[in-house]
Amino acid sequence: MSAPELDSLRAELLAAIAGACDLGALEDVRVGALGKKGRVSALMQRLGSMPPEERRDFGQAVNALKTAVAEALEVKQQELASAATAERLADETADVTLPVREGPLAEGRIHPVSQVTDEITEIFADMGFSIAEGPDIETDFNNFTALNIPPEHPARQDHDTFYFAEKPDGTRPLLRTHTSPVQIRTMLKEKPPLRIIAPGRVYRCDSDQTHTPMFHQIEGLVIDEDTHLGHLKWVLQEFCRAFFEVPEVKMRFRASHFPFTEPSMEVDIGYAKVGDEIRIGEGDRWLEILGCGMVHPNVLKAVQLDPKKYQGFAFGLGIDRIAMLKYGMPDLRAFFSGDLRWLKHYGFSPLAVPTLAAGLSR
Ligand code: DAH
């Protein structure tokens, strides 16, 4: 390569450097000139195969070219970097007079169903219950048969229960109609003594102001060798006092019937309506909040527990219902309509975790 050719390569590279509009473009020019396969580097590699007398002059010229290009790159690089900084400074101004924007922790809300589930869980955890879980899609055995619900029982009918298509083996999976199948799952998995609660979603074909096709229950189960009805009453009384955060709650245990308990009871709590306000624990109105009883011997047999040795109680409580009662929410359907205005009004702060020590609802 002749001296004029070297000069024109130099002019070309310096022009490219001068014309680079940002750091990325400049880097492309650098790689094209000084990179391993760059044009200046290729000239350096040629030196080795030259006759010594030519090599000296050519070497000096290429070196000078290389230095000039490197220097120009350096100057341009600094120029572009400070231009980029200046641009960001101009662009990213902060208006410190604006009000603080609330973060998700301040703005988000805990749904009343989650709040009340946490409150109930906290109370029973304090009494030594642990949490059990089961799936929303259940077998006919767990949801009905093992719970001593006979085949002709009305609850099994299609218009109450959401069934799935029949499987090849003839069984029909279903959406659990109550949390009671978790009793079965627990007793099949673990040996007594058992003391569990099981919160979760349940499903029934039903819809009006106080019923939605999906709602929430919490199941309780205690199995050992000597737990009796007195224990059941005490546990539920303590629960109601703690949950409604009042010193005394008027309760009524009414004889009832459930296939999976014997004897069976329904529990009402007393309340008064003063204007629009509901006062729990006083007054002469009653509201049913749960079903309970001593676990039926047939249920124990279904999970291979000897009813002569083991006994205990169970209860099932509607979470949404007592949430409505405690927090004065009139329409159940609003719970599941996904209206943010409703949630902002009735929802709870994510930082106010319910604990018995600090208070359940603050
Ligand atoms: N499973 C019943 C229902 O959904 C509620 C219930 C009643 C649960 C009595 C129980 C119980 O564990 O002992 O209506």
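Counting starts at 1 for both ligands and their atoms, in listed order.
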### Query
In terms of side-chain geometry, is the basic nitrogen of Arg39 or Glu12 positioned less than 4.0 Å from the acidic oxygen of its partner?
yes
### Message
Test question: given the 4.5 Å side-chain rule for I, L, V, M, F, W and Y, name all other residues clustered with Leu89, or answer none.
### Response
none
### Query
What do you reckon, are the aromatic ring centroids of His178 and Phe260 less than 6.0 Å apart?
yes
#### Entry: Qualifying salt bridge (Lys or Arg N to Asp or Glu O under 4.0 Å) pairs, either residue in residues 18-35, two or more places apart
Glu27-Arg30
### Query
Are the aromatic ring centres of Phe315 and Phe124 under 6.0 angstrom apart?
yes
### Summary
The remaining residues in the hydrophobic cluster of Val202, counting side-chain heavy-atom contacts under 4.5 Å among Ile, Leu, Val, Met, Phe, Trp and Tyr, are Phe215
### Query
So which protein residues pack against ligand 1 under 4.0 Å, heavy atoms counted?
His178, Ser180, Gln183, Arg204, Gln217, Glu219, Phe258, Phe260, Thr261, Gly291, Cys292, Gly293, Ala314, Phe315, Gly316
